[in-house]
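Only one structure is covered here, and it is reproduced in the block below.
Start at 1 and go down the list; that is how both ligands and their atoms are numbered. Worth saying up front: this structure is predicted, and the values here are computed from it rather than measured.
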Amino acid sequence: MLVTGLEILKKAREEGYGVGAFNTNNMELTQAILEAAEALRSPVILALSEGAIQYGGKALVGLVRELARDARVPVAIHLDHGSSYESVLNALRMGFTSVMIDKSHEDFETNVRETKRVVEAAHAVGVTVEAELGRLAGVEEHVAVDEKDALLTNPEEARLFMERTGADYLAVAIGTSHGAYKGKGRPFIDHPRLERIARLVQAPLVLHGASSVPQELIERFRASGGEIGEAAGIHPEDIRKAIALGIAKINTDTDLRLAFTAFVRESLSKNPKGFDPRKYLGPAREAVKRVVESRMELFGSVGRA
Ligand code: TD3
Ligand code: ZN
């Protein structure tokens, strides 16, 4: 059933588990995410970026909406990294039940003003809002403290930001970054900072750039001819700890892309004579479903639907 983002996330923060926001841009990814959620009785958030909406258009949004409505678990359809008021309004018109406005690259006052404007519009039609404070650049462990401070979310500012904007959930910068290269070895995560933020902000907190980039998937990707450098993601233990401290929404895109692509590659190279798309998209869909299931186990959302 289709619900707002806050409906799912409020319960998650209160009860101390995390819910995955998984990015989709086609039918197979959408099915894999929803099949995993139903199999494990987990609430789930389907995230579409502006790029995904542009790529898939009405066909994709219609499919996502239809499948989310029919799902036997709570599902929110979420605009990921909305870049403008217009983009958010467009998502509201298309029936999204959760929107993100990302003005984290603007100064504090602009971020407050723009976020507030979006909150008013979204709340007027019963949709809940994610905002972001701090910059999601990859921050290395050895970076000087004051340099980190300029990039990562300031706890006192976070409290003020949420008070002034009325946003429903907050994306924080605590060391993660988007993509398959999050740092050397075990990428740095600032748990003490998260703990301070969570003490001042009662709203559900959001972790972007949370993919774990499993070594097994990297090896599979390479074995089938894929080329990738020194990839590294967030250690599962670091995610578990972040959830215990107040993270309720965990964004995962890269892990799904890696799984999907590795299995498409593998299927194509195993059967060079084949040309039936179902024969290589089917195994990729199954692989994504397994990744989503293992993320749900890690987040603790299994059986919460
Ligand atoms: O917002 N997103 C998804 C879009 C970013 C492009 O990958 C995330 O925070 C996902 O982060 P990750 O770790 O999967 O790249
Ligand atoms: Zn993100």
TODO: Could you tell me whether a side-chain N or O of Glu50 sits under 3.5 Å from a main-chain N or O of Ser83, the two making a donor and an acceptor?
DONE: yes
Task: Salt bridge Glu109-Arg164, side-chain N to carboxylate O under 4.0 Å - done: yes
Open item on the list: Whether the side chain of Asp255 engages the backbone of Val213 through a donor-acceptor N/O pair (distance < 3.5 Å, no angle test) should be reported.
Closed with: yes
- [ ] Give the ring-plane orientation class for Tyr169 versus His78, where under 30° counts as parallel, over 60° as perpendicular and anything between as tilted.
- [x] tilted
- [ ] Before accepting this row, confirm whether a basic side-chain N of the pair Arg304/Glu15 lies closer than 4.0 Å to the acidic partner's carboxylate O.
- [x] yes
TODO: Answer yes or no: is there a donor N or O on one side and an acceptor on the other, between the side chain of Thr128 and the main chain of Leu6, under 3.5 Å?
DONE: yes
Open item on the list: Quick check against the 3.5 Å criterion: does Arg41 have a side-chain atom that pairs as donor or acceptor with the backbone of Arg72?
Closed with: yes
Open item on the list: Please evaluate residues Arg159 and Glu163 with respect to the criterion salt bridge (charged side-chain N to carboxylate O under 4.0 Å, His left out), reporting the C-alpha separation (whole Å), side-chain torsions for both, the decisive distance (0.1 Å), and the verdict.
Closed with: CA-CA 6 Å; Arg159 184 188 63 75; Glu163 247 175 46; 2.8 Å; yes
Open item on the list: Distances under 2.8 Å only: what protein N/O/S atoms are near the Zn ion (ligand 2), ordered by chain and residue?
Closed with: His81 NE2, His178 NE2, His208 ND1
- [ ] Look at atom CD of Glu297 and say whether more than 12 heavy atoms of other residues, nucleotides or ligands are closer to it than 6.0 Å.
- [x] yes
TODO: Would you please write out the protein residues whose heavy atoms approach any atom of ligand 1 to under 4.0 angstrom, listed by chain and number?
DONE: Asn23, Asp80, His81, His178, Gly179, Lys182, His208, Gly209, Ala210, Ser211, Asn251, Thr252, Asp253, Thr254
